[in-house]
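Below, chain A is the first sequence line, B the second, and so on; all start at residue 1. All values derive from a computational prediction rather than experimental measurement.
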2 protein chains.
Amino acid sequence: MDHQRSRLRLIDVAKEAGVSIATASRALSGAAGVSEDITQRVRAVAGKLGYVANVHARSLAGGASSSVGLLVHEIGDPYFAEIASGVLRLGAQQGLTVQICHTGRDPDNELTQIRALIANRVRAIIIAGSGFVDAGMQVAAKEELRAFEASGGRVTVIGRHHLGADAVLPDNVAGGRSVTEHLLALGHRRIAFAAGSLALTTVADRLSGAAEALGAAGLSIAELPVVDVAFTREGGKVATERILHEFPDVTAILALNDDMAIGALSVLRAQGIAVPEEISVAGFDDVAVAEDLSPSLTTVRLPMAELGERALSLALKPPSARPRRRATGHVLVARDSTGPPRC
Amino acid sequence: MDHQRSRLRLIDVAKEAGVSIATASRALSGAAGVSEDITQRVRAVAGKLGYVANVHARSLAGGASSSVGLLVHEIGDPYFAEIASGVLRLGAQQGLTVQICHTGRDPDNELTQIRALIANRVRAIIIAGSGFVDAGMQVAAKEELRAFEASGGRVTVIGRHHLGADAVLPDNVAGGRSVTEHLLALGHRRIAFAAGSLALTTVADRLSGAAEALGAAGLSIAELPVVDVAFTREGGKVATERILHEFPDVTAILALNDDMAIGALSVLRAQGIAVPEEISVAGFDDVAVAEDLSPSLTTVRLPMAELGERALSLALKPPSARPRRRATGHVLVARDSTGPPRC
DNA sequence: GTGAAAGCGCTAACAT
DNA sequence: ATGTTAGCGCTTTCAC
């Protein structure tokens with residue numbers, strides 16, 4: 001490979017501007033100690049020539065890295081796609097390139113991706129996927145990230161992790177409480193939960209919010225069906241079938257993300273069960289399509305793109321002594337998929 | 001920034017393995033001319049130490065770049081998210097990092113992103129967004145990409161562009177024909193088209209496939225309403241409202257992507273118009289949610305993730321004298337949103 | 001304020 | 001088969 005040969009180098013700009021390569025470098029990077037005059041001239045020349053610095057040379061020479069890494073479970077999942085969108089938007093604005101990697105919610109794979117990002121000398125790593133309830137799942141990653149931070153890298157996570165990094169926290173507990181209160185207020189008592197894997201902090205937190213709301217109403221989640229399946233549309237379908245079969249008296253299903261809720265609606269429609277007349281369904285996240293489903297989905301809106309932007313903006317700040325935690329809000333969006341119970 | 005200092009270098013591995021830095025380099029990169037024995041030893045040491053090469057040093061020194069760039073309109077759009085998923089999957093498998101950029105369908109912005117990717121010395125650039133019917137829109141990008149290729153970079157596009165690069169071609173024309181034939185076979189004659197911007201080759205091609213099918217049935221698209229709006233859900237809503245108002249005798253709406261179709265269904269539901277009894281709706285792409293809509297959406301399935309994988313795999317091949325063109329197929333997925341016309 | 005020169009960590013000739 | 005060394009293009013001391 002010789003992608004770099006024959007392209008414009010800093011020395012070309014320096015010559016054209018009639019200055020040394022050092023001065024040209026300073027002028028372009030906005031370092032102090034260059035006359036305003038020369039700075040302008042160099043920049044004009046660079047612009048005219050269409051010069052763009054070789055990122056690798058810059059980074060190798062000890063300049064600031066201009067790229068950040070984003071780890072998602074799966075970019076095809078709208079939740080992560082929207083987070084990525086926020087990261088990309090702010091990244092472009094800041095002149096950063098964003099490398100995105102899949103983890104597939106597999107800690108081993110996550111570790112591999114983290115290593116690759118570190119080898120790429122990214123300035124920061126943003127971990128968007130849910131944490132694991134069991135801190136042990138990510139000890140290796142934690143160690144690697146610690147070393148990365150020690151050598152000047154930044155790490156931020158979205159969600160509750162045991163990684164000791166700056167975090168942007170989706171309002172999972174309060175959101176779970178809100179949507180459960182909504183169901184309770186409608187009169188539901190026999191509520192079933194279509195939960196993604198309970199090993200994920202996201203699932204655990206949403207469920208714990210639900211438990212709080214139930215507790216406040218004198219109910220106990222321990223007496224209600226919590227079906228632990230995959231955190232996907234397919235999981236939502238499986239959970240719903242199981243709920244219909246094993247707990248026929250249920251009047252509402254709370255899916256712990258919209259994808260699962262979509263799966264639930266799909267099964268209910270296939271079985272000719274009216275929503276919300278016979279069974280109410282609620283989701284979580286408010287992905288774009290939620291409002292256009294039929295019936296439109298009652299759900300908890302999380303500001304996904306904002307989560308991404310805030311995670312990146314945290315990553316761009318210098319580190320603090322203690323990990324920062326940025327809480328975000330949620331909005332309960334009551335639509336047509338929930339209503340009073342049938343009896 | 002000093003992310004790199006203090007991390008393991010190649011020389012540390014070489015010392016530990018008792019070989020020269022050159023031998024270590026060769027052993028790790030799998031170059032020929034190293035005894036099997038030493039190769040194993042070096043790799044073992046590297047593994048034990050957790051050594052990962054500095055990508056910037058490697059790339060600067062003229063080694064193969066390990067990253068590729070992917071340009072999408074907007075990663076939050078499921079069509080692009082699925083393409084990205086395919087690219088990421090194959091990329092991870094090949095040990096490549098993938099940088100994703102938004103273009104927002106703005107040629108200027110696209111040019112900026114291309115320059116950034118080139119500055120990052122990516123091995124290849126994949127352009128996933130639709131091309132423009134007017135070749136003039138992208139002359140600057142074309143020039144830049146030409147220079148990139150001349151210096152060893154690879155470029156592939158998804159869709160019909162005027163960029164002279166290797167291309168993976170979604171089956172837009174034939175898909176447009178298939179879905180239109182489906183509507184005609186059901187008995188529809190007054191079909192309206194909710195088209196995204198006609199400046200996009202994707203839209204133009206889908207529409208031209210539709211025109212072919214109409215022509216074969218003795219009809220002319222020139223006499224049918226083609227509403228030219230944004231290629232988005234919102235555009236689908238606007239188009240549908242306009243169609244209902246201005247062309248009340250229409251019996252079917254063909255939206256040129258699923259997002260627009262979702263917008264169309266949403267408006268029809270809001271206005272109490274039964275689908276497909278009063279108006280049939282069809283889309284294009286078959287995004288994941290299409291089958292779970294109500295009614296489930298008749299659409300043209302495009303293998304999006306495969307599009308992404310094939311684009312990357314083309315980009316990884318050496319260039320050919322003439323641009324390659326890889327056709328892909330489509331599948332008409334007839335679901336519940338289309339049926340015979342009301343009268 | 002500006003220039004000269006020493007690396008950053010690696011690969012690829014070029015020696016041996 | 002292995003070692004030595006000259007850069008890759010940039011930033012950053014260190015002189016001036």
_Distance check needed: D:dT12 P versus A:Arg26 CZ, whole Å only._
10 Å
*Given DNA chain D, 5'-ward residue of the pair B:Val34 and B:Ala57, judged by closest heavy atom*: B:Val34
_Closest nucleotide among C:dG9, C:dC10, D:dT2 to the B:Ile38 side chain_ = D:dT2
*Rounded to the Å, how far apart are A:His56 NE2 and C:dT11 P?*
13 Å
*Atom-pair distance (CG on B:Leu28; C1' on C:dG9), nearest Å*: 13 Å
_Heavy-atom check, side chain of B:Leu169 versus side chain of B:Thr328, under 4.5 Å_ = no
_Tell me whether the side-chain N/O atoms of A:Ser59 come closer than 4.0 Å to OP1 or OP2 in D:dC10._
no
*B:Asp12 CG to C:dC10 P: how many Å, rounded?*
8 Å
*Please report, rounded to the nearest Å, how far the P atom of C:dC8 is from the CZ atom of B:Arg58.*
19 Å
*Between D:dC10, C:dA12, C:dG9, which nucleotide gets closest to the side-chain atoms of A:Leu60?*
C:dG9
*Please answer whether the main-chain N or O of A:Thr201 pairs with a side-chain N or O of A:His161 as donor and acceptor at a distance below 3.5 Å.*
no
_B:Ala32 or A:Ala31, whichever maps to the more 5' nucleotide of DNA chain D_ = B:Ala32
*Specify the separation, in whole Å, of atom CG of B:Leu10 and atom P of C:dC10.*
5 Å
*Are A:Thr103 and A:Gln113 close enough that a side-chain donor and a side-chain acceptor fall under 3.5 Å?*
no
*Nearest of D:dG3, C:dG3, C:dT11 to any side-chain atom of B:Val19?*
D:dG3
*asked:* Between C1' on C:dT2 and CG on A:Asp37, what's the gap in Å once rounded to a whole number?
replied: 13 Å
*Hey, can you tell me if B:His56 and A:His56 have their rings parallel, tilted or perpendicular (30° and 60° cut-offs)?*
tilted
_side-chain hydrogen bond (donor to acceptor under 3.5 Å, both in side chains) partner of A:Asp166, chosen from A:Arg154, A:Arg325, A:Arg326, A:Arg322_ = A:Arg154
_Does a side-chain N or O of B:Tyr51 approach OP1 or OP2 of C:dC10 to a distance below 4.0 Å, or not?_
yes
_Rounding to an integer number of Å, can you tell me how far A:Ile11 CD1 sits from C:dG3 C1'?_
12 Å
*Hey, does the side chain of A:Thr23 come within less than 4.0 Å of C:dG3's phosphate (OP1/OP2), counting only N and O?*
yes
*Would you indicate, yes or no, if D:dC10 has its OP1 or OP2 atom less than 4.0 angstrom from a side-chain nitrogen or oxygen of A:Ser25?*
no
